[in-house]
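Since the structure comes first, as structure tokens, the remarks are kept for the end.
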Amino acid sequence: MAAYVLRRLLWTVVLLAVVSFVTFVVFVQMPSADPALLRAGRNPTPEVVAAIREQFGLDQPWYVQYLKYLQQLVLHHDLGYSYQSNVSVGSEIVARLPVTLSLALGAVVIWLAVGIPIGIVSAVRRGRVSDRLLMVGALVGISAPAYWLGLVALYLLSKDIGVLPLFEGSGAYPTGGESLFTDPARVAPALVLPCLVLAASFAAIYARFVRASLSEVLAEDYIRTARAKGLRERTVVLKHGMRSTAVPVVTLLGLDLGILLGGAILVEIVFNVPGMGRLSYEAIQRADIPMIQGAVLLGGLVIILLNLVVDVVQALLDPRVRSAAT
Amino acid sequence: MTAVLEVRNLRVRLPTDDGVVTAVDGLSYRVDAGRTLGIVGESGSGKSISSLTLMGLSRFLPGAEVSGEVLLDGRDLLAAGDDELRRVRGAGIAMIFQDPLSALHPYFKVGAQLAEAVRAHRDVGRRAAEARAIELLDLVGVPEARRRASAYAHELSGGMRQRAMIAMALANEPRVLIADEPTTALDATVQAQILEELERLQRELGMAIVLITHDMGVVAQVAHEIAVMYAGRIVEHGPVDTILGEPQHPYTWGLLTSIPQLHLPRGGLLPSIPGRPPSLISPPSGCRFHPRCVHARPEHSAREPQLEALPDAPDHRVACLLDPDERRARWQSLRDAASGELAR
Amino acid sequence: MSLNVGRVRAVRVRPAAALALAGAVAALAGCGGTSSDAPTEPLTDTPAKLERGVRGGAATLLSAADVDSLDPAIADYNVGMMVLQATQRTLYSFLPNDATTLVPDLAKGAPKISDDGRTVTVKIKSGVRFAPPVDREVTSRDVKYALERGFTKQVPSGYAAAYFGSIAGTPAKPNSGDLRDVSGIRTPDDRTLVLELTRPNAGLVSQALVKGITAPVPPEYARRFDRQNPSTYAQHVIATGPYMVEQDASGRVTGWSPGRELRLVRNPNWDPATDFRPAYLDRIEIAGGNTDSGVAARRALSGEGSICCDAGSPPIELLRSALQSTPDQVTLFPQRTANWVALNTTVRPLDNLNVRRALMAGVNRSALRLPRGGPLLGELATGYLPPGLQGYEEAGGAHQGANLDFNADPEGDAEVARRYMLAAKRDGLPIDEQGRYVGDDEILAVAANSEPDDKTAEAFQAEARKLGFDVTLRLVPREVVYTNFCSTPAKRVAVCFVAFGSDTPDPYSMLVLPFDGRSIRREGNLNISQLDDPGVNAAIDRAAALSVEEGRIDAWADVDEAILAQAPAIPYVWSKRALVASKDVQLVANRYSTMPDLSFTSIRK
């Protein structure tokens, strides 16, 4: 097992290198907007633009730029500075990551608490009216675009502009880098609506997934054995059935979490949550290449690491995989 | 002896996309304590469904319609409520299944699953149940029972797994053990061991066993009585020696002659029963076996044969329209034609 | 000068109709020129109200964009300008409701221009002090340093060379070298600043003394930051105005989290006796990330102490309903921006003057204005000088270029259009007897694929079709409209949609870059029509050489007319900007920055 994990970690480094390379090429070779131009002010003369370009090394061939970037990154652990605000990329990421983490974890708790029970009920009552109603609801949850759902939530439920002023609205999240871990009293109320909106479509997905997976599991022979043993149906479904469903659900959760930690962009924008998603969005708008690179690298690292965690957890949960790995 | 288990006129209908399947059509038999009934038939003959129904497991098949009576020590299980039935499952009647690898939960340790079976019906603590689990494994002949109890199903050999399943079934000393194809997934050598184990356990614990199989060789080894099922019905029923020695139904003849014999020359074609199992949605008219019966006469498609005792052997019943003497003669010629004897 | 739609939007989300930064005549009464626009304009910032206001309280601006920079030499976009106005004293400045008249701020009295137009002398006020930890009084040497640093490679000021490149001794290549003494900036004493120019354009230079680069920078404090490349002075900026960005004892800025918020507090060293600003508010916060202007505007309207928006106006429907129910929470004002349809004079058939005149006559400008909010948010334009800019009145006010028959009716005159089409037919173009174009030249138009630019382009397409022109419309992402298409002459785009605003009160900033033949560049070209008319160029030269006393403004009005005669672009709207505020906010808008004036806004108690 240890050798396996080590191998995977090495592979992680390789993958990250590839990710950073591809990102670099995409944003430097094919920019939608010229970062030097964007930084140079409203109506700069060509000389000013050229001077800025030279200053950032943007006039070098792209492979030279990439090598310099790698050098900075590996030798000095320096992710660079924003083209626009001159803030260090690393410090911005450090300030924003806990925010996205808070949002993601809040949403995870909600969608697991809602989606899994719905999925179980649907699987057990498969084909019946309750199942159909729940699955239609799930379809709505999946189909509703996050941005729209967010705006609807604001106009219906937010304290400042909503019809029913129940929850904190857009811009309520404190801007000083606080997170659920450092200042839950202020952060939690501001996260209610964003987490609900973010959780909506995931809850629906997980409900459908659990329904499908559990239905399959309930048709397995060992479930028949469990019933034949005289176990209560509740035990059969929740202990024997869910134990098997847990494995793919955990896998899915790991992958979803990985993606979320890169930043739930739409929800962060609607609710003005200063997380990684907003950072990426703003950086891309401004062609702030060091910031984009930093965000992408972080997102890539998170996804890759979580993939590894998921694989390890799978081995822990499924003794058959464990035997195969050792 | 009083019958521990008595099935009367059991009928099971299942809705499918193609129509309603009458999987079991008027099944009746009884088993006494300490006795083994072997139910033999092809796949699709309804033998597995009938056993599931005994335990009320058909209630989990959506849309199943069950009629008839299943009496366990005189109590009708089919009329019982869900909760009562649950208490019977695993305690009054226990079942072991064909493939122990898929029948055991892959993610729980074997010992834990056994302990669970114990605690489902008795109020014992966890430690006590685990101790009992190890005892049970010992009982069924699993060496190093303590170590094996901490193993997962896939870490045990086929034989060990089936023994563990048997142990789980015996955890609460059931009155009836239903074994559905218990040896089909095992090697020939292990097969023999398992069957011996079952015999021994029956002697020690005195339970009734219903052994379901398609393999005549298996029932020959352990059954006291044999019931041959075809298309949801019993077509022949009698003591094991009689059925194996003096079978009266053409289908039984087919089953007996199609057993591979080790001492037969190689390369010879294995005789088999021509045709395919019948549709249980719309079974053949008259005698259900007639489309595949080489001895069938045209009028056999019009009349349904009843399961009737032979005049000189009241415990041997056959459902066939042929004349008994004719049948005896045909069997004789068949037996002579097949080289070698049936091993017992 | 500023070209707004497109590239700018990529950087900061700016008002769709740009940040014109030039003077506005008290346009509240005057700008409603034609009878078709007479919207109710809540008068929250008339001169009378400028004096009233209660001291104390805090206000929040809900903004989409961030400050572009806290460095006074670099800040050029609207939020940056707003902060600059509140925290820095430039040599000259503006009162909130008049962006045409320069008001001495750090300077004492008007600038003195020599007869030969090559010297500008400015006196510096005494008693203006830097914020802690610098604390001392501002001298002329601080302004000299501020100008010099704008030319270094460490401080990439986008406009230093453009406006102050004529100062003797400034490097030939801007933003290229290290800091060095610029001989043309002299400080004979602590209170006097003299600029010696290599060209006689003191007129333009003196108008440009409102720019942020003239805000003083203390060299002994700033040098170590300016040595870094790029300079980190913005993270340690020292204020001279009534407010400053929250900072620690060493001067390091602590109140700015980029993209998230910016906090302004009072500058303890600011002396109100030296300043025309009342500075009522105690604290100001700029809350970033409010990208949805509908949500943000609603929050401002229903909340407390909040103001919106920096990126464009709030949605039209919201504005309409707010104007009906709570009109004193809405402030509408012209933003010295003109929108026009640029016609490429080098591409067939637009290279024919009569065709261009026909289009100008035939297009109904109301239809183009409609997607941008209709009469509520702008007047129909008849020329290139918007209200609030010097020269607007001189050029004819709401009726610029009235002598030109093809420009007389902004809603279109089919008869005049037909006449010009027939004239073009006589020039040999494929036009039929009814005056409809029947040729098959591809007329490529490029516009942004988002609202309202896409709708404006489609409206133009429909209008052009009336004359038989089949315009091929290509909608592309906003960020690339200019960088990939319209600003690159080689792409030969026939029609582009431009919003242009001036960043000085002088008409130079409005007319030269888009219409002077010598401004044409291969890349980053802002003369999108590629107009290169000797008559226009000569008129420009004439006006640029004059000072205000010599009749500069009238000369620019003539330039406006000369350009119109060439019909290189169809102006269709002079757009207005709308700001909304909470009930308790007495909002004063600054016409120069088109943003709230933080030094004049107050909270009603």
Side-chain angles (χ1 to χ4, degrees), chain A residues 31-52 54-56 81-87 92 95-96 147 150-151 154-155 158-162 169-171 173-177 268-274 278-279 281-288, chain C residues 1-4 7-8 10-13 19 62 66-69 74 76-77 153-154 156-162 165 173-176 229-232 234-235 256-261 287-292 294-296 298-299 301-303 477 479-480 483-484 503 513 521 523-524 526:
Chain A
S32 61
D34 184 352
L37 209 56
L38 292 175
R39 191 189 150 100
R42 272 186 312 171
N43 285 319
T45 53
E47 293 86 17
V48 173
V49 178
I52 294 179
E54 197 193 306
Q55 190 181 76
F56 286 133
Y81 288 80
S82 156
Y83 282 164
Q84 254 61 45
S85 59
N86 279 347
V87 204
E92 268 304 287
R96 303 238 185 179
Y147 195 90
L151 285 177
L154 280 179
Y155 287 133
S158 71
K159 277 192 181 155
D160 44 15
I161 62 177
S170 156
Y173 198 104
T175 46
E268 284 186 19
I269 289 175
V270 173
F271 290 95
N272 201 353
V273 174
R278 274 267 313 278
L279 185 67
Y281 170 72
E282 285 160 7
I284 291 173
Q285 267 198 319
R286 294 185 263 185
D288 190 350
Chain C
M1 29 184 181
S2 67
L3 188 60
N4 297 298
R7 149 160 76 93
V8 163
V11 183
R12 337 268 161 196
V13 185
L19 307 176
L62 303 173
D66 197 6
V67 285
D68 50 330
S69 177
I74 299 176
D76 213 11
Y77 292 109
K153 72 170 188 271
Q154 289 88 348
S157 170
Y159 56 81
K173 242 174 71 99
N175 306 101
S176 54
N229 189 4
S231 162
T232 53
Q235 275 99 291
W256 183 39
S257 312
R260 286 175 275 154
E261 70 173 352
N290 288 286
T291 39
D292 191 309
V295 170
R298 257 180 250 268
R299 282 180 62 202
L301 284 168
S302 63
E479 297 76 33
V480 305
T483 55
N484 286 14
D503 55 353
L513 271 180
R521 303 230 187 292
E523 257 187 17
L526 295 176

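So you know, we letter chains A, B, ... as the sequences are listed, proteins then strands, and number each from 1.
Under 4.0 Å is where a charged nitrogen must lie from a carboxylate oxygen, and between Arg260(C) and Glu282(A) no such pair does.
Scored by the side-chain hydrogen bond (donor to acceptor under 3.5 Å, both in side chains) test, Glu268(A) finds Thr100(A) as partners (sequence neighbours excluded). Here Tyr83(A) pairs with Phe56(A) under the ring pair (Phe, Tyr, Trp, His ring centres under 6.0 Å) rule; sequence neighbours left out.
For Gln235(C), the part lying near chain A is the side chain, with the backbone staying farther off; criterion is any non-hydrogen pair under 4.5 Å. Contact annotation for Thr232(C): neither backbone nor side-chain heavy atoms come within less than 4.5 Å of a heavy atom of chain A. Contacts of Tyr281(A) with chain C are made by side-chain atoms alone, with heavy-atom separations under 4.5 Å and no backbone atom involved. With a threshold of 4.5 angstrom between heavy atoms, Asn229(C) approaches chain A through side-chain atoms but not through N, CA, C or O. Heavy atoms of Leu279(A) lying under 4.5 Å from chain C are absent altogether. For chain C, no part of Tyr81(A) is nearby; none of its heavy atoms comes within less than 4.5 Å. For Ile269(A), the parts sitting under 4.5 Å from any heavy atom of chain C are the backbone and the side chain alike.
Checked options Asp292(C), Asn290(C), Leu62(C); the residue passing with Ser170(A) is Asn290(C) (criterion: side chain to side chain contact (heavy atoms under 4.5 Å, CB included)).
Put simply, the side chain of Arg278(A) gets close to the backbone of Gly259(C): a donor and an acceptor are under 3.5 Å apart.
The two residues Gly288(C) and Asn272(A) come nearest to each other via the heavy atoms O-ND2, 2.8 Å. Taking every heavy atom of both residues into account, Trp256(C) and Ser85(A) meet most closely at CH2-CB, 3.8 Å. In terms of heavy-atom proximity, Asn86(A) sits nearest to Ser231(C) at ND2-O, 3.7 Å.
When the candidates Pro156(C), Ser302(C), Pro258(C) are compared by the number of heavy-atom contacts under 4.5 Å with chain A, Pro258(C) comes out ahead.
Arg298(C) contributes atom CZ, which lies 6.5 Å from atom CD1 of Ile161(A) (distance to the nearest 0.5 angstrom).
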